[in-house]
Structures are given as C-alpha cells and as structure tokens.
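As structure tokens, the structure follows; a few thoughts come after it.
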Amino acid sequence: MERYDAHAIEAKWQKVWADERIHEVPNPAPGDDTSRLMYVLEMLPYPSGELHVGHVKNYTMGDVVTLYRRRNGWRVMHPMGYDAFGLPAENAAIKSGKHPAIATRENIEAIRRQMNRMGWSIDWTRELSTSDPAYYRWTQWIFLRLLEAGLAYRRESPVKWCPVDQTVLANEQVIDGRCERCGSEVEAKSLEQWFFKITDYAQRLLDDLEQVHWPERVVTMQRNWIGRSEGAEVVFRAAHDPSIELPVFTTRPDTLFGATFFVLAPEHPRALELARGTEHEAAVADYVRRTGALSAVERLAEKKKTGAFTGRHVVNPVNGEEIPVWVADYVLMDYGTGAIMAVPAHDERDFEFAREYDLPVRPVVAPSDGELGEESAYIAYSDDEVLINSGQFTGMSATEGKRAITEWLEREGKGRSRVAFRLRDWLLSRQRYWGCPIPVVHCPTDGIVPVPDDQLPVELPDIEDYAPKGRSPLAAAEDWVQTTCPRCGGPARRETDTMDTFVDSSWYFMRYADPDNDRAPFDREVVDAWLPVDQYIGGVEHAILHLMYARFFTKALYDLGYVGFVEPFENLFTQGMIYYLGAKMSKSKGNVVVPDEMVARYGADTTRLYSLFLGPPDQDAEWQDGGVAGQHRFLARLWRLVNDTVERHGPGIPESVAADGAGAELVRKTHWAIDKATKDIGERFAFNTAQSAVHELVAGIQDARDADPEQVRFACATAVSLIHPYAPHIACELWERLGGERLWDVPWPAADPAMLAVDTVTYAVQVNGRLRGQIDMPAEAEQAAVLAAARDVPNVQNHLDGRTVVKEIVVPGRLVNLVAK
RNA sequence: GCCGAAGUGGCGGAACUGGCAGACGCGCCGGACUCAAAAUCCGGUGGCCGAAAGGUCGUGAGGGUUCGAGUCCCUCCUUCGGCACCA
C-alpha cells in the first residue's frame with residue numbers, strides 16, 4: 001500500500017478546487033432565494049510578515065464552519081483581504097529601506113501563498129487590500145459622507161509639543177515630562193485634529209448590544225468602555241461675576257450640600273481667565289503649564305494630589321454658599337464638563353485633595369442610625385443612607401434626595417438631570433505617511449473644502465522620506481500639497497494627515513460583498529443580502545476598538561441610508577491566544593511558531609487538525625510540538641484503514657447499514673460519532689471534542705476489521721466525511737478512493753436516532769453516594785428490576801450488610817444510589 | 001481599586017441541564033514484529049494501601065446545600081485579560 005503522502009495529495013486537490021473554482025460564491029442574482037445565504041468572516045490579517053499559528057487557528061476555524069455549512073445546504077461567502085495600511089508596515093519600511101508599498105505587496109504575496117497552501121476555502125475573487133487606491137477611494141468617499149453629516153469634524157486637541165525640536169511627540173516619546181531626544185521640557189499644545197463623532201451614538205452602541213450574540217465578556221468590555229452614568233448637571237456661577245457659568249456633572253446630586261470647594265481641570269478654558277487679576281494668577285499659569293506636559297500615566301503616578309487656588313469663588317446654587325475654586329489635574333477635561341463640585345466627605349479623591357490643602361469636610365449623608373464614625377469612613381455608603389445637613393432635603397433617603405434635588409434644580413433653572421458617557425470621540429488623524437489620505441483641502445478663502453467625489457481617490461504621493469517628524473511626512477511633498485480649491489479655484493493646500501487604520505477596517509466587511517464596484521463603495525441590495533456577517537471570528541484583542549468602530553460606521557451608514565442593518569456582526573466568536581514555551585507567542589519574544597515548517601513536515605491537513613485540537617477555541621492554549629505528530633498519526637491511520645478496506649473489499653459508500661452481526665457495535669459507534677461531531681461543530685464550536693469523536697470512530701474501525709465489509713465501508717466513509725472540514729485534502733482523496741466524488745458537495749451525514757438508542761445500559765451502583773459496582777440492564781428495564789439487580793451485586797451486599805436502606809434513588813439509564821443507615 | 005475569565009494526572013484537555021472524574025491526544029512504561037532501528041500493532045498509565053478482590057484519598061484552599069458537587073451557594077488564595085483620578 002502506498003504511504004500517506006500529504007504533499008502530493010494536497011497539491012492535487014488544491015489544483016482541483018482552483019480549476020473548478022469551488023470556493024467562488026457569486027452574489028445572488030435578482031430574484032434568487034436569499035434565505036440560505038451565509039457570511040462567514042475572520043478578521044483580516046495585517047500583512048506585516050508571515051502568518052503564524054494563531055492565524056492558522058483563526059482561519060481554520062472559519063474554514064471548518066464554512067465547509068460544514070456548505071455541506072448543510074448553505075451558500076457561504078468566505079472572503080479574505082489585508083489590513084495593509086499602518087504603523088508596522090511603515091516602521092518596517094523605515095528600517096529596511098524598502099518603500100512601504102513594496103514591502104506590503106511582498107508580504108501580501110507571501111501570505112496569499114501560505115493561505116493557499118493551507119487549503120482554506122477562500123473566495124479570491126473578493127480579495128481586497130485596504131491600501132489599494134481602488135479600496136481607499138471609498139474609504140475617502142465614506143469619510144466625506146460622514147463629514148457632510150456632521151459626524152467628522154476638526155477641532156483643537158491637546159498634544160505634547162517639544163519646543164526645541166518643534167514637533168509633536170507621541171506619549172511614548174515623553175520621558176519624565178521631557179523630550180526623549182533633546183531632553184527639553186515638553187509643553188502642552190493644542191493642534192487641529194480630525195475626529196469622528198462616535199459619542200453621538202453612545203446610547204445606541206450600548207442599547208444594540210442586546211441584539212447581537214457575542215461573548216458576554218466582549219459585551220461587558222464594550223459596556224464599560226461606553227461607560228454610561230446617570231446624574232445631574234448643576235450650574236455654579238462665579239461669585240465675583242455671576243455671568244460666568246460653571247456647570248458640573250455629578251452622579252451624586254444628593255451630596256450637593258456637602259460641596260466645600262470646586263475644581264477645574266487644568267485644560268479648562270476658564271481656568272486662566274478666572275485667576276487673571278488675582279495674586280494667584282502666576283501660580284495658576286505655572287501649574288497649568290506644568291501639568292499639561294505630563295502624560296495621563298504620570299499624572300496618576302503622582303503620590304499626592306496637586307492643585308492651585310485661583311483666588312476666586314463660586315456660589316453653590318442650592319444654598320448660596322461661596323466655595324473656593326481650584327485648578328487640579330485630578331479633574332479630567334474630557335469627561336463631564338471638565339469641572340467638578342468637590343464633596344470630600346463622600347468622594348475619595350476629593351477627600352484626598354481636601355487633606356492635602358486643608359479644606360473642610362462636611363458630611364451630608366449618614367447611615368440611617370445617624371452614626372457617622374471616622375471622618376475617612378464617610379465615603380463608604382450604602383443603600384440605607386439618609387441626608388443630613390441638607391436644608392429642606394434633610395431626612396430624605398439618598399435615592400429620594402437625588403431625585404428631589406435634581407427636580408428642584410430643574411424648577412429653579414439651575415441644573416437638569418443628565419447622562420454622561422466615558423466614551424470619547426474617535427481621534428482619527430495621524431501624522432504619518434502610510435495611511436489613507438484625508439480628502440479635504442485647506443483654502444485661504446473657503447476654509448476646509450471637501451475634495452469632490454469625482455476626484456477621488458486622493459492618492460498617496462510617492463515620496464522619498466516618509467520618516468515621522470511630528471508633522472505628517474506628506475507635508476514635505478510640496479507638489480502634492482499644492483492644489484487648487486475645488487470651490488473657488490484659487491491656490492489651496494491639501495490636508496496632510498492620514499487616517500487611523502481602524503477607519504480602513506471599519507467597513508471592509510461590506511466591501512467584500514461588492515468588491516469590484518467602481519460607482520459606489522457597494523450596492524445596497526447586495527450588501528443587504530449578505531450582511532450582517534453571520535459569523536465573525538477573530539482575536540479578543542479587538543474586543544473594544546475595532547468592533548466598536550465597525551459598529552459605529554454601520555450605524556452611521558444606516559442612518560445615511562446606505563445599508564439596511566444596524567449591527568455588522570450577528571455572531572462573534574473570539575479565539576484565545578496561543579502560548580508557546582510558557583509565554584504569549586510574539587515576535588519580540590522570539591517564540592513564534594511559523595506554520596511553514598509544520599506544513600513542510602506533515603502537510604496542511606495535519607497542521608489544520610492540530611490547530612483546533614489544542615483546546616477549546618475560545619480559550620488561551622499552549623502550543624505543544626509533540627501534539628502535531630499525534631494528529632499526523634491519526635491521519636496516517638485513517639489512510640491505512642480506508643485503503644486497506646478498499647483493497648480487501650473493493651470501493652463503496654453505503655447510504656446506511658444494519659447494526660447487526662460482528663459490526664453492530666461499529667455501526668452504532670458511527671452514528672454516535674455523526675451525532676457528536678454535528679452537535680460539537682454546529683452548535684457548540686467545540687472543534688476539539690468533535691475531533692475526539694472521529695478519533696474514537698477510527699479506533700472502532702481498527703478494532704472491528706472482521707465486521708461485514710459493508711459495515712466497515714460505512715464507518716470508513718463516515719469518518720472521512722466527518723473529518724473533511726478539518727482535513728479536506730485527505731478527505732477528498734479517500735472519498736474518491738472509496739468510490740465517491742465531490743465530497744464538498746455531499747450532504748453532511750445525519751445520525752439515525754434509532755441507531756443512537758442502545759438496548760443495554762450500564763448503571764453505576766452507589767451505596768451512600770460511593771461507587772460500589774456496576775450492572776448492565778436492558779434499556780427498557782423497570783425501576784424495580786434495576787433496584788433488585790443493584791442490591792444483588794456482591795460488593796453492594798457487603799456494604800449494605802447490617803444496615804437498612806432508607807432511600808433508593810434511580811436515575812434512569814445512569815445510576816442507582818442506595819442510602820443506608 | 002473596579003469589571004471579567006480561569007485554576008482538574010507528568011503535559012494539552014474531557015465531563016453539555018448536579019449523576020461512574022480524567023474521554024481524546026501528548027509523554028512515559030511493558031510486550032509483539034525486526035539481526036537491529038524506525039514505522040506499525042497490542043497492553044498499561046491520578047496518589048496511597050493491597051498478591052488480588054477490594055479499600056482509601058483526590059478537580060486551587062476552607063465552609064455550606066444535596067441521597068449525590070469539578071459543576072450550585074458563601075469566604076479566601078493564585079494566574080490571566082480589560083478599565084483605571086470618569087466626579
């Protein structure tokens with residue numbers, strides 16, 4: 001018998017599939033039945049190097065789902081593309097001296113070759129790359145639609161600025177408040193940046209999580225990221241000038257009477273203005289400049305709270321009390337209103353600050369027994385709190401007080417109930433070369449003018465020096481930057497920032513549906529037929545940003561009438577990370593397992609099989625080199641058994657066989673394996689245990705070689721059929737040798753329920769919950785008969801000796817427990 | 001600090017709604033085949049006691065509920081992930 005030659009078989013079948021174009025799934029024609037369309041998608045790879053085994057696991061999972069669904073009568077779209085813009089490609093290019101476009105193209109070619117070698121069922125007619133002008137033309141088009149809708153905007157945003165190098169610094173380039181390169185003190189500066197108004201969608205992004213089937217932990221992460229809080233906005237006014245309004249957001253309006261001071265974030269527009277003309281002016285200005293240079297991490301790392309008194313006071317609207325206004329960096333500008341009322345008795349951070357600067361602490365809520373206890377313990381509060389020192393509201397419960405005070409503020413025009421979100425607008429501009437150009441021009445007369453649709457794409461200029469300099473490298477391409485204003489025709493300058501790569505990946509799953517469209521990003525009807533994605537599969541590291549941004553884009557495009565669905569990904573499966581030699585697999589640690597060597601040694605089928613056998617796919621797993629050999633052994637065994645069967649008995653694929661004679665057990669086992677594999681793949685995504693079932697079936701074939709040839713053929717054919725989604729090459733080859741053809745079109749096997757029923761069941765017999773024996777009983781045996789047989793077991797009798805059975809428990813088909821005293 | 005996930009043999013893991021813990025695979029031990037090796041096949045493999053039958057302990061720790069707990073409840077420990085001065 002010939003040996004199992006994985007390479008020959010894999011080459012043969014990959015050619016057959018390509019020649020017959022079996023993975024190409026065209027769009028439905030008008031009038032086609034779209035009820036059996038399915039869209040299976042894995043997150044697209046970043047073409048920074050070669051694929052590693054984490055990719056193998058990810059894409060094999062999607063492939064198993066695809067092949068399985070196709071054989072269950074679904075028309076499955078399974079596309080692939082590349083998230084090709086971005087920093088890693090650019091950094092690699094700077095290092096190697098290769099232009100990012102060239103490096104990216106080479107990487108894509110290598111990855112495509114690897115993917116084909118793995119035998120994944122990818123529809124290459126839908127392939128896309130986000131750095132391709134034919135793609136990013138439409139990224140720009142969508143950007144312009146969002147701009148028109150007011151969902152893209154430009155505003156000043158604080159950045160770190162090195163006054164010597166005259167450049168913007170990334171947070172990582174600031175060390176101890178100093179420039180990494182020249183060591184000069186970093187300053188806070190405002191720069192014009194582009195944003196998407198994702199905060200407009202905060203509530204919907206939260207609410208619609210109800211309608212997707214996603215892992216709970218991902219939903220939780222998204223909820224926390226959106227961070228909805230209910231509370232009130234309360235308007236304080238400056239004591240020296242009541243026209244100056246200073247609203248705050250608080251979740252504890254019930255503690256309003258406990259506000260003993262007031263704090264502005266250093267970036268607050270009123271901070272410097274308030275201090276002006278007081279003796280504290282210089283100190284406040286100094287504080288604002290110093291803290292502005294610190295990163296968020298450094299601010300947090302300070303052991304003590306810091307701040308500066310402005311010399312001014314505001315009036316507490318609820319009792320007319322004047323309280324001092326401070327500036328302190330523990331208050332964040334981009335949450336709430338950038339200002340807070342400080343209630344040190346009931347907020348840990350305010351308490352700390354009050355201690356530091358000796359400010360008064362006044363409790364206004366107390367446990368219902370009225371015992372206040374230690375000062376620092378006020379902040380610990382519970383449900384049964386009652387307001388004290390709170391004027392007309394004294395005596396109310398905290399919950400009641402919250403509502404009553406908010407209502408009072410609304411009546412008096414001094415505040416209102418309000419919801420705040422932690423979610424911030426999406427800063428999308430990047431001062432880097434390798435990204436999608438933002439399609440606007442800056443005109444001295446007309447301001448920001450969008451590039452007309454018919455002039456898209458604004459192509460990335462081919463420049464020599466794309467190293468980052470703080471400002472975008474594009475600014476150096478003077479020929480490209482100089483343009484004319486589409487509105488007035490006068491001289492204008494192009495926007496030189498590029499887009500965050502997350503923009504590119506926020507709509508790619510729509511483009512797959514209609515990849516060659518050159519009149520629009522996609523046709524609405526086609527996209528609506530395929531989307532939302534039925535099954536999305538990818539790494540949990542994208543649980544927040546990518547998934548949130550894609551959801552935002554989908555909702556915005558829905559509102560603009562371009563798509564008919566509000567959530568992009570109906571079902572999400574997040575795969576765990578792969579560990580190797582005890583650490584997360586990563587290039588920097590040098591412990592990356594590249595599939596190529598494994599494919600060269602064992603073939604793609606073995607590699608695919610092992611990638612899903614390592615453990616539950618949603619959990620982290622340790623890659624074990626030895627485990628791969630075990631899967632190869634399994635395939636070689638299947639190879640031998642099937643070929644041996646064909647040699648001895650001739651080919652044949654029986655539809656069904658009777659469970660009698662020497663192979664009765666084998667036939668039952670075959671149906672059991674069908675049932676188990678079907679449930680594990682189709683319902684549970686338990687790819688590892690589905691494989692175990694096929695292992696057991698193959699072991700069964702090996703043990704029952706004397707069964708009727710028809711029974712052996714049936715078991716062999718079924719094992720081949722069940723392993724096909726995992727190891728399609730060897731499965732197609734063996735199927736052919738068994739006399740079948742086009743296994744990929746053969747309906748998935750169905751277990752015969754009658755064959756799953758057994759006529760004899762083994763009962764475990766327990767005495768007082770401890771196992772004392774086993775009995776075999778006919779499946780339909782009466783409880784009384786089971787009990788009688790159980791008591792009959794000699795070892796059971798030993799343990800019952802001298803005791804009375806006080807309770808008898810029979811779990812039908814499973815166990816008997818005799819409770820004895 | 002807050003939120004979430006997970007702790008089971010030498011290792012990866014199985015046990016779906018509370019019902020025989022350790023399926024399947026790796027590794028290891030023994031045997032067959034072989035001059036020998038590889039490959040393959042057969043058998044064994046949680047700890048302790050025992051020649052065996054069998055007994056006993058055992059799913060991170062400690063309690064609880066139950067006839068019965070890896071699974072449910074409480075307290076705690078460890079690891080990993082997310083968020084992190086969000087008022």
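What's counted below: heavy atoms across the whole structure, side chains too, no hydrogens, waters or symmetry copies. In what follows, every chain begins at residue 1, and chains take the letters A, B, ... in the order their sequences are listed.
In textbook terms, a nucleotide whose glycosidic angle is within 90° of 0 is syn, while B:G30, being further out, is anti.
Taking atom C1' in both B:C16 and B:A21, one finds a spacing of 16 Å when rounded to whole Å. Distance noted for atom C1' between B:G19 and B:U66: 12 Å (whole Å). Rounded to whole Å, the separation between the P atoms of B:A15 and B:A6 comes to 13 Å. Taking atom P in both B:A39 and B:G50, the straight-line distance is 37 Å, to the nearest Å. Nucleotides B:G43 and B:A23 place their P atoms 15 Å apart, quoted to the nearest Å. One C1' atom belongs to B:C42, the other to B:C35, and the distance between them is 23 Å to the nearest Å. For the P atoms, the distance from B:C80 to B:G58 is 29 Å, rounded to whole Å. Here the separation of B:A61 from B:U71, taken at their P atoms, is 11 Å to the nearest Å.
One finds a side-chain N or O of A:R772 lying less than 4.0 angstrom from the OP1 or OP2 phosphate oxygen of B:G55. Side-chain nitrogen and oxygen atoms of A:N795 include at least one within less than 4.0 Å of the OP1 or OP2 phosphate oxygen of B:G55. Between A:R217 and B:C83 there is no side-chain N or O to OP1 or OP2 distance below 4.0 Å. Residue A:H799 places at least one side-chain N or O closer than 4.0 Å to OP1 or OP2 of B:G55. The shortest distance between the side-chain N/O atoms of A:Q766 and the OP1/OP2 oxygens of B:C20 is not below 4.0 Å. Residue A:R814 has no polar side-chain atom (N or O) positioned under 4.0 Å from OP1 or OP2 of B:G18. A:Q222 has no side-chain polar atom (N or O) that falls below the 4.0 Å cut-off from OP1 or OP2 of B:C83. In this model, the phosphate group of B:A87 is approached by a side-chain N or O of A:S229 to a distance below 4.0 Å at OP1 or OP2. An OP1 or OP2 oxygen of B:C24 is reached within less than 4.0 angstrom by no side-chain nitrogen or oxygen of A:R637.
One can place CH2 of A:W623 at 18 Å from P of B:G25, the figure rounded to the nearest angstrom. Regarding A:K679, its NZ atom lies at a distance of 18 Å from the P atom of B:A14, rounded to whole Å. When the P atom of B:C85 is taken as reference, atom OH of A:Y330 falls 13 Å away, rounded to whole Å. One interatomic measurement links the two molecules: CZ of A:F261 to P of B:A87, which rounds to 16 Å at whole-angstrom precision. Residue A:F353 contributes atom CZ, which lies 17 Å from atom P of B:C85 at whole-angstrom precision. Here B:G4 presents its P atom at 10 Å from CD of A:E216, a figure rounded to the nearest Å. Regarding A:L635, its CG atom lies at a distance of 16 Å from the C1' atom of B:C26, rounded to whole Å. One atom, CD of A:E352, and another, C1' of B:C85, lie 9 Å apart when rounded to the nearest Å.
Considering only side-chain atoms of A:N817, the nucleotide from B:C57, B:A87, B:C67 that sits closest is B:C67. Candidate nucleotides B:C67, B:C20, B:G12 were compared by shortest atom distance to the side chain of A:T762, and B:C20 ranks first. Considering only the side chain of A:R633, B:U40 comes nearest among B:U40, B:C83, B:A87. The A:P616 side chain lies nearest to B:A14 when the options are B:C20, B:A14, B:C85. Taking the side chain of A:E696 as heavy atoms from C-beta on, and the options B:C20, B:C85, B:C24, the nearest nucleotide is B:C24. Comparing B:C20, B:G82, B:G4 by their nearest atom to the side chain of A:I544 picks out B:G82. Checking B:C57, B:A15, B:C41 against every side-chain atom of A:T689, the shortest atom distance belongs to B:A15. Of all nucleotides listed (B:C83, B:G19, B:C85), B:C83 comes nearest to the side chain of A:W225. For A:L815, taking side-chain heavy atoms from C-beta onward, the closest of the listed nucleotides B:G55, B:C20, B:C41 is B:C20. Nearest nucleotide to the A:Q631 side chain, out of B:G25, B:C20, B:C83: B:G25.
Nucleic acid contact for A:R223: none, since no nucleic acid atom lies under 4.0 Å from a heavy atom of the residue.
Aromatic ring pairs are classed by plane angle as parallel below 30°, tilted from 30° to 60° and perpendicular above 60°; the pair A:Y602 and A:H632 is tilted.
Taking a cutoff of 4.0 Å between a charged side-chain nitrogen and a carboxylate oxygen, A:E321 and A:R362 qualify as a salt bridge. Salt bridge A:K197/A:D425: absent, no basic N to carboxylate O contact under 4.0 Å.
Side-chain atoms of A:D350 and A:L359, non-hydrogen and from C-beta on, never get closer than 4.5 Å to each other. In this structure, A:Y357 and A:W326 have side chains that are in contact, with non-hydrogen atoms separated by less than 4.5 Å.
Looking only at atom types and distance, the side chain of A:Q222 has a donor-acceptor partner in the side chain of A:R551 under 3.5 Å away. For the 3.5 Å distance criterion, the side chains of A:Y287 and A:T306 qualify, holding a donor opposite an acceptor.
Side chain A:Q774 to base B:C20: a donor-acceptor pair is found below 3.5 Å.
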